[in-house]
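Okay, so here's the structure we're looking at.
As the structure is a prediction and not an experimental result, all values here were calculated from the model. A note on names: the letters A, B, ... follow the listed sequences, proteins ahead of strands, and every chain is numbered from 1.
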Amino acid sequence: MATVGSTALDELLATLNPPQREAVEHLDGPLLIFAGAGSGKTRVLTARVANLIAQRKVWPDRLLAVTFTNKAAREMRERVGRLVEGADRMWVGTFHAMAVRMLRRDAELLGIPRSFTIFDEDDSRSAMNRVLKDLALDPKRFPPRRLLEHISRAKNELLDPETMPVESRSDELVRRAFARYQEVLRTSGALDFDDLLLQAVRLLQSSPEALERWRDRFRYVLVDEYQDTNHAQYVFVNLLAAEHRQLAVVGDDDQSIYSFRGADVRNILSFEKDYPDAKVVRLEQNYRSTQPILDAAYRVIVRNPERAEKRLWTPRAGGERVVAAQLYDEVEEAEYVADEIERLRRQEGLGYRDVAVLYRINAQSRAFEDVFGRRRIPYRLVGGIRFWERAEVKDVLAYLRLIQNPADLVSFARIANVPRRKIGSVTVEAVVTAAQARSQDVVQVLGDAGAIEAVPRAAARPLEVLRRQLESLRAMVGALTVADLIGQVIEVMGLEHHYRDGSPQGDARMENLDELRGLAREYDFLQDRAQALEQFLTEIALRSDVDSYQEDDEGVTLITLHMVKGLEFPVVFMVGMEDGLLPHSRAISDPDQMPEERRLCYVGITRAQNRLYLTCAFRRHLYGESRPCQPSRFLQDIPKSLLARPTRGAAPIPPPRQSRREQLFEYQTRPASVAPPVARFHAGQQVEHPIFGRGVVVKSTLTRGDEELVVRFDSGVKILSGTVAPLTVR
DNA sequence: TTTCTGGGCCTACAT
DNA sequence: GGCCCAGAAA
């Protein structure tokens with residue numbers, strides 16, 4: 001084997017730098033690779049895997065590679081496939097995907113049906129609302145989200161209701177909610193995201209036979225993004241690798257940004273303690289960015305305590321300085337970005353696909369969508385108001401899930417009255433309670449709903465009709481493709497009439513369903529129709545928004561700092577560089593979270609190859625109100641020598657507030673006068689300032705307590721408070 | 001009991 | 001801007 005591509009592999013090996021080569025050629029025993037941003041990690045991993053197959057003659061199906069996204073998994077398989085044969089038989093995927101594959105085979109050893117449904121976050125919330133009702137808890141005092149956070153944290157620590165520590169009365173309530181929640185999942189034949197990992201671990205812990213079998217299967221284990229593993233994932237990996245000790249982990253503690261999902265940087269930092277004989281390799285040569293960009297990144301990250309010291313370097317000479325600019329508000333920020341993109345296109349032949357706009361929260365994309373739409377700048381939005389979260393898509397998926405798993409209480413509750421069929425909340429309640437009490441499939445319960453006391457008499461007929469419809473659809477599963485089954489659901493349930501209400505939104509809803517059918521056609525090749533349905537639903541549940549990202553599509557990329565990890569762009573705009581956004585206000589009030597915000601900033605900066613822009617707004621409209629903002633404290637960590645003066649309508653970042661001079665002249669959150677201001681200035685007016693000199697007013701905006709001015713001085717653009725700054729009209 | 005409408009509340013990051 | 005709930009009408 002491994003003859004086809006061996007020359008290609010040799011060529012690749014010849015281009016590696018010494019530490020990269022070490023990482024590829026260390027084939028025996030534990031290996032830890034610290035791979036800095038842009039250090040050629042993907043090349044190393046592919047070469048390593050190909051090397052194992054070609055040199056070590058390891059069977060590809062004995063290799064397990066855990067990646068962070070499905071996209072990364074696909075890429076690794078493709079790239080290894082170009083080097084050696086048999087790559088399609090490797091096990092490559094995310095932790096969750098691997099857990100599902102194992103559980104689809106072995107779930108019954110744990111008393112879980114193999115055709116379990118996967119609950120997403122929405123489903124979990126519905127399930128929790130049900131729990132609150134059952135336990136008569138006030139959702140105001142016990143917000144479902146909060147309870148689910150607790151439960152998620154517990155599950156990531158491999159705890160269950162019996163083993164979780166209870167130290168207070170409220171812990172006890174969490175424990176009861178947890179137990180009840182698991183009960184709802186169990187009667188629904190469902191697992192939530194955290195259960196997938198937890199149960200995979202349980203499987204390995206409780207069944208020696210399964211442990212033996214999976215260990216034997218995965219002789220070589222490789223884990224990417226190890227810094228983002230949580231405790232459950234850590235145990236999973238280490239259980240699998242304990243016997244053969246052929247474990248290679250790759251990561252960068254500076255890029256650990258998923259602690260809110262339970263990720264623990266200590267997993268990577270203590271790898272050498274776990275495996276004292278581990279070989280450690282550091283990849284610090286950067287093949288991506290210019291030195292000024294790397295320096296800026298270093299200045300930000302170096303202030304974090306408890307990091308493994310490393311500094312990226314590049315032999316590449318020169319490079320533009322980083323542009324830091326302050327704009328008036330989020331609309332002007334987007335306009336500025338649009339101006340710069342068009343300028344770089346004209347002057348440097350830049351393509352739209354070379355540009356990314358990175359932000360902290362999805363809500364920030366709106367201003368860019370508006371401005372780019374108006375200015376005909378093509379863009380692609382990653383994440384955000386997602387296709388899969390649209391009501392009509394979720395409705396149809398709930399139907400499919402209920403057809404596939406007639407016990408799924410959450411899906412039943414969702415579609416019971418969609419379209420309206422006189423099955424209201426009281427009826428749904430009664431049916432669900434009965435299903436739980438009898439431990440019976442909810443669809444089965446619909447059959448004799450008339451016999452259930454709590455079910456309103458008027459509801460018996462519509463329930464029976466619904467049951468017949470669901471059963472008839474269920475009977476079609478083996479015969480129809482998923483796309484055709486979706487068509488039948490729409491037809492039998494009369495969904496077109498329900499969604500198409502004559503409005504443009506109604507038409508859009510049906511278009512979304514057409515798109516869903518289109519996506520389902522990708523499973524047409526599977527001859528086993530029932531399996532196609534199961535796979536379709538599984539992959540949808542575990543899909544990530546970056547998975548569908550195509551590098552060569554046209555358009556500016558709009559993406560969050562979390563999802564952009566692993567991507568790179570010639571030109572990067574990091575927008576909303578303000579205290580409150582980055583670092584996020586929640587992190588400011590919880591100092592434990594600050595290092596992570598810093599890492600997020602670091603991840604963003606290191607995405608840039610040639611040009612980096614950091615922008616902030618003076619005033620921002622967010623969460624339904626408009627507020628003045630302070631530039632991000634992270635901006636102050638980047639020395640002036642690395643920064644360039646912004647072009648055109650933008651102002652440089654003002655120094656921090658502590659400066660007395662700034663306090664005197666620039667905007668203050670509590671203006672001296674409480675009276676509603678009157679406009680004293682207007683655009684075009686010539687003014688004079690004791691420090692900045694002569695200038696021209698570019699813009700005046702009246703806000704509740706102030707008149708805010710954008711003024712162009714010889715020294716550059718400034719944003720000032722009209723009521724506070726000592727400006728005189730010339 | 002279901003359906004419809006308006007007001008109050010909360011608001012990251014995401015497999 | 002989205003979700004939940006209260007209150008009124010059918």
Distance, rounded to the nearest Å, where A/Glu429 contributes CD and B/dT1 contributes C1' = 13 Å
Readout for nucleotides 5-10 of chain C: B = base within 4.0 Å of protein heavy atom, S = sugar-phosphate only, - = neither; 5' to 3' it is ------
Just list the side-chain donor-acceptor pairs under 3.5 Å for residues 452-461 of chain A, sequence neighbours left out, or say none.
none

Centres of the A/His150 and A/Tyr181 rings: under 6.0 Å?
-> no
Among B/dT1, B/dT3, C/dC4, which is the nearest nucleotide to the side chain of A/Asn417?
-> B/dT3
Could you check whether A/Ser585 gets within reach of a base, just the sugar-phosphate, or nothing at all, counting any heavy atom under 4.0 Å?
-> nothing
The complete set of salt bridge (Lys or Arg N to Asp or Glu O under 4.0 Å) pairs with one or both residues in residues 64-73 of chain A, sequence neighbours excluded, reads A/Lys71-A/Glu75, A/Lys71-A/Glu551
Residues passing the side chain to side chain donor-acceptor pair (under 3.5 Å) test with A/Thr69, sequence neighbours excluded, are none
A/Arg420 has an atom CZ; how far is it from atom C1' of B/dT2, in whole Å?
-> 9 Å
Determine, for nucleotides 10-15 of chain B in 5'-to-3' order, which nucleotides have protein heavy atoms under 4.0 Å from the base (write B), from only the sugar-phosphate (write S), or from neither (write -).
-> -BBBBB
Rounded distance (Å) that lies between atom C1' of C/dG2 and atom NZ of A/Lys394 | 14 Å
Pi-cation contact, A/Phe116 with A/Arg104 (under 6.0 Å, within 45°) = yes
Could you tell me if the ring centre of A/Tyr258 sits under 6.0 Å from that of A/Phe68?
-> yes
Output a table of donor-acceptor pairs, distance under 3.5 Å, between side-chain atoms of residues 229-239 of chain A and any protein atom two or more places apart or on a different chain; print 'none' if there are none.
{"residue": "A/Thr229", "atom": "OG1", "partner": "A/Tyr226", "partner atom": "O", "Å": "2.7"}
{"residue": "A/Thr229", "atom": "OG1", "partner": "A/Asn267", "partner atom": "ND2", "Å": "3.1"}
{"residue": "A/Asn230", "atom": "OD1", "partner": "A/Ala232", "partner atom": "N", "Å": "3.1"}
{"residue": "A/Asn230", "atom": "OD1", "partner": "A/Gln233", "partner atom": "N", "Å": "3.0"}
{"residue": "A/Asn230", "atom": "ND2", "partner": "A/Asn156", "partner atom": "OD1", "Å": "3.3"}
{"residue": "A/Gln233", "atom": "OE1", "partner": "A/Asn230", "partner atom": "N", "Å": "2.8"}
{"residue": "A/Tyr234", "atom": "OH", "partner": "A/Asp274", "partner atom": "OD1", "Å": "3.3"}
{"residue": "A/Tyr234", "atom": "OH", "partner": "A/Asp274", "partner atom": "OD2", "Å": "2.6"}
{"residue": "A/Asn238", "atom": "OD1", "partner": "A/Tyr275", "partner atom": "OH", "Å": "2.5"}
{"residue": "A/Asn238", "atom": "ND2", "partner": "A/Tyr234", "partner atom": "O", "Å": "2.7"}

What's the verdict on side chain to side chain contact (heavy atoms under 4.5 Å, CB included) for A/Thr615 and A/Met577, showing C-alpha distance, side-chain angles and the deciding distance?
-> CA-CA 6 Å; A/Thr615 66; A/Met577 293 291 297; 5.8 Å; no
Nearest whole angstrom, please: distance from the P of C/dC3 to the CZ of A/Arg125.
-> 7 Å
For B/dT1, does either OP1 or OP2 sit under 4.0 Å from a side-chain N or O belonging to A/Arg457?
-> no
